[in-house]
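Encoded as structure tokens, the structure appears first; notes follow it.
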Amino acid sequence: MATRKNTRSPAPHVSDSHDLIRVHGARVNNLKDVSVEIPKRRLTVFTGVSGSGKSSLVFSTIAAESQRMINETYSTFVQGFMPTLARPDVDVLDGLTTAITVDQQRMGADPRSTVGTATDANAMLRILFSRLGKPHIGPPSAYSFNTASVRASGGITVERGADRTRTVKATFNRTGGMCTRCEGRGSVSDIDLTQLYDDSKSLAEGAFTIPGWKSDSQWTVQVYAQSGFVDPDKPIRKYTKKELQAFLYGEPVKVKVNGVNLTYEGLIPKIQKSFLSKDKEAMQPHIRAFVERAVTFTTCPECEGTRLSEGARSSRIERLSIADACAMEIRNLAEWVRGLDEPSVAPLLAALQRTLDSFTEIGLGYLSLDRPAGTLSGGEAQRVKMIRHLGSSLTDVTYVFDEPTIGLHPHDIQRMNDLLLRLRDKGNTVLVVEHKPETIVIADHVVDLGPGAGSAGGTVCFEGTVDGLRAGDTVTGRHFDDRAAVKESVRRPTGALEIRGASAHNLRDVDVDIPLGVLTVVTGVAGSGKSSLVHGSIPSGENVVSVDQSPIKGSRRSNPATYTGLLDPIRKAFAKANGVKPALFSANSEGACPACNGAGVIYTDLGMMAGVSTTCEDCEGKRFDASVLEYHLAGRDISEVLAMSVAEAGEFFGAGEAATPAAHRVLGRLADVGLGYLSLGQPLTTLSGGERQRLKLATHMAEKGGVYVLDEPTAGLHLADVQQLLGLLDRLVDSGKSVIVVEHHQAVMAHADWIIDLGPGAGHDGGRIVFQGTPADLVADRSTLTGEHLAAYVGP
């Protein structure tokens, strides 16, 4: 008898109902009880003005909670070694999957960190050379510039029972590939002694010219003067060979100065520890200027910048050493690896081939594995982090991207879009924080936050499709199809900055005259040589102010007021009005609340669990001692001033009893870069990437320079904010400054007086000037990739 077929469709499985990530009542940073439902296995783009709460929702809420819950699946022992994460301030988070965050944080600037070490490509190359290299010099560590060769021998005590111990002679050898001269850094530092002291003077006469070392009463100076190793009354140039050796290179030794035991150390190691071991960007301007004058870095003469020992460089595969392989462009190295045919290492070759091909696929084939990781732009660093995820077999994962188009030429954005769609099509949820319309337009779902920034933002203004966003009455929707027109008339240059024979990195003896007194935009595809030309060829001096993409430094105690130097004139104004010391009005000094030490909150460490922060009960989060808050300026105490927005503080310090010209000037610069909504006391750790970039720009605007060099100032800027930036650039030029901008944004190109386009491609395919002229000429010419995209942007 024939069986009957069931023609009815099966009932939906209960597991299929979990197709949304639900967020209800999110209050992280400036979010105001935000509730959204994000579809899984779709590409969702989060938009909104800079500071509207996008990163707070995506990174600090969804991704952070996913990571915290994954960490909780490990044993308490393992959790003790992991960073503790606090639960975000949110009522409900449902439907989360494993989140993989790919942010735009630049990679560490350690000189031993390279593109190869950051992506495991270098590790695979080392294994390959240890198996196939001729002559064979040792294991993979023998090819590592981070591993030094070590040899040791001696007696070790072996315990075999209660009364059975014996001494055994043992030797230990480890072969490393580190160059002994530069210790794997590729460069050696040389200190200019003439910048440290005036050798015609004695120590008693104030020979030191090091910042902070000029006072005779300064302890450091007294250690040298009273050490007994040198004569403090003899000019340094008359020191004997023994005295000069002790003065410059003496080993640390205890000495007694005015009855106090102190450590004497040679001047060179003292300078290296005091200045060279610190991050230059975190130094005060006058200290940084001293370091730049006193220290020069040159390529290591022993390893010729390869960081590797002679032994590591002598071992070769088909006439190529590992140093040669790491110096090649990755796309060329991939072809070389593809040509190797050795069955014994076939799995290794396949894995290395996949990794190198991923570089090319993601548009980074122009890099080399020996490129220092700290020199990568934010966009390049983000794409390098993507490489390990491209070939992943994982599905149903949430990938979180922070403005993946930063640093990308319009020509390259389509390639990035294809990668995002490919991750989605594998069954993953892709969440993207983005400002570029070219990427927003490919979204399946859009969440627009706003309507403003800071306290004026933090709400969801729109959820839906791209077409719905276009038709909606939000800031993003209104500006979505904005197009800048090419300037009808351009400024005439007042001079020219001549660059001759520029050959840094991939530049090919470039000769170019950069016009002065106008807005010049340097553009070209990623890797074409823009930064090499601008940052590597324009001489840095007192007349040049350079604002690059390096991150600003600051802890949770730092805020816009401390970072910009605004707090100094504010403290002095309070001190003068009340007849007390300025230090009282610093939460990091005498005025700090004793209970929380000026932090405003008390942190309780719970070991392996997430720490808890509670508002300080003594100062109620105001950070200052109660006695300090009794002092007022124009009716406001210092905590009330720090709670003001930049715009409000600008009015407060602009006129009346609280008029403080020095503070008002700083506040004006902050307002000029579009940060009028920020609170003066808002911790730097809560600022978005775009806000930090503009805060840095506002700080550098105070420097007295004739030439401003800006590196992608539109990074992190919303469509609506670009117009304000262009106004700021115009004001700089109209005030007599010369502005040189490295930029990909078509609106900035269209607004330029002069464009210098590099290319035609990236890496060895670039490094040449392919166009110079006005934006109108570039649009009419359309001979370069930039010209084509700019012409399409401005329309007919």
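The first residue of the sequence shown is numbered 1, and numbering continues consecutively from there. Atoms considered below: every heavy atom in the structure, side chains included; atoms not considered: hydrogens, waters and symmetry mates.
- Scanning both residues, V466 and I440, for their nearest heavy atoms gives CG2-O, 3.3 Å.
- The nearest pair of heavy atoms linking A752 to P775 is O-CG, 3.2 Å.
- With salt bridges taken as basic N to acidic carboxylate O contacts below 4.0 Å, none links R768 and D509.
- Annotation for R492: atom CZ does not count as buried by contact number, only 12 or fewer foreign heavy atoms lying within 6.0 Å.
- By the ring-ring contact (aromatic ring centres under 6.0 Å, His included) test, H664 pairs with no residue at all, sequence neighbours left out.
- For D753, the side-chain contact (heavy atoms from CB on, under 4.5 Å) test picks out K487, V490, R491, V518, L519, with sequence neighbours left out.
- Residues D734 and R731 are not paired through a salt bridge, judged by the lack of any N-O separation under 4.0 Å between the basic side chain and the carboxylate.
- Shown here for F653 and A658, the closest heavy-atom pair between the two residues is CD2-O, 3.3 Å.
- With hydrogens and angles disregarded, a donor-acceptor distance shorter than 3.5 Å links the side chain of S645 to the backbone of E648.
- H718 meets the ring-ring contact (aromatic ring centres under 6.0 Å, His included) test with H435; sequence neighbours excluded.
- For the pair R415 and G363, the tightest heavy-atom approach, listed with the atom from each and the gap, is NH1-CA, 3.0 Å.
- Of the possible donor and acceptor atoms, none in the side chain of D781 sits under 3.5 Å from a partner among the backbone N and O of G787.
- When atom types are taken as modelled, the side chain of N506 and the backbone of G763 share a donor-acceptor pair closer than 3.5 angstrom.
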